[in-house]
Amino acid sequence: MTKAKQLDKKREKSAQPETQSAQVVAAPAEQEQEEVTPPQAAGQPAKGAVKKRKKVVPKEEDLMPRSSIWPLVTTVAISLILVGFVFQPIVCGLGVVLLIGCIIGWIYERR
């Protein structure tokens, strides 16, 4: 399981109790509106307990992109194109085909 999925699960778990506490706080508020007596006289607290969220600071590894081979292969393809301009058009064509493959591979690289 990747770190991003683990962070998503932690966020979902932390979000669920907050929605439940909001429902719990909302239910007594509705009852208070129906009753004539103020909430302090009825023995109910005026506000429910509020939970504070901790700030999640992502690690440097989560923010940085992963290493890839595509920049190196793209450099080789551009070099073949330049060499092909000087010596043989066939080498230039191979460089263009390789460059197109590199661009497609780099765009659709799995994360």
Side-chain angles (χ1 to χ4, degrees):
M1 186 177 288
T2 63
K3 290 181 181 181
K5 289 181 182 179
Q6 290 174 350
L7 287 174
D8 289 339
K9 285 187 178 184
K10 286 181 183 178
R11 288 180 187 149
E12 289 175 6
K13 288 180 182 178
S14 65
Q16 289 174 356
E18 292 175 10
T19 57
Q20 292 172 353
S21 65
Q23 293 171 354
V24 172
V25 172
E30 293 172 359
Q31 292 174 355
E32 291 173 3
Q33 291 175 355
E34 294 174 2
E35 295 177 4
V36 180
T37 60
Q40 289 84 8
Q44 297 175 350
K47 291 186 178 180
V50 178
K51 294 182 180 179
K52 293 183 180 179
R53 276 201 257 175
K54 294 181 182 178
K55 288 187 177 182
V56 178
V57 179
K59 295 180 182 177
E60 185 176 342
E61 294 86 25
D62 296 336
L63 297 176
M64 296 297 294
R66 287 196 266 167
S67 59
S68 176
I69 191 74
W70 294 113
L72 178 66
V73 179
T74 303
T75 305
V76 170
I78 291 172
S79 298
L80 280 176
I81 292 172
L82 294 175
V83 168
F85 278 134
V86 174
F87 295 109
Q88 286 288 333
I90 293 175
V91 176
C92 183
L94 290 174
V96 169
V97 170
L98 184 61
L99 181 65
I100 291 171
C102 290
I103 292 171
I104 292 171
W106 204 347
I107 290 173
Y108 291 112
E109 183 176 40
R110 288 191 147 197
R111 295 188 174 231

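These values consider heavy atoms only, across backbone and side chains, with no hydrogens, waters or symmetry-generated copies.
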Quiz item: Who are the side-chain contact (heavy atoms from CB on, under 4.5 Å) partners of L80, not counting sequence neighbours?
Solution: V91, L98
Quiz item: Under 4.5 Å between any side-chain heavy atoms of I103 and T74, yes or no?
Solution: no
Quiz item: In the single-linkage hydrophobic clustering (I, L, V, M, F, W, Y; side-chain heavy atoms under 4.5 Å), do Y108 and L99 co-cluster?
Solution: yes
Exercise. Find out whether I107 and I104 are in side-chain contact, i.e. whether some heavy atom of one side chain is under 4.5 Å from a heavy atom of the other.
Key: no
Self-check item: Least distance between heavy atoms, C102 atom then V73 atom
Solution: SG-CG1, 3.1 Å
Quiz item: Under the side-chain contact (heavy atoms from CB on, under 4.5 Å) test, which residues partner P89, sequence neighbours left out?
Solution: none
Quiz item: Closest approach of W106 and P71, non-hydrogen atoms and distance?
Solution: CZ2-CG, 3.4 Å
Quiz item: Should I100 and F85 be counted in the same cluster of Ile, Leu, Val, Met, Phe, Trp and Tyr side chains packed under 4.5 Å apart?
Solution: yes
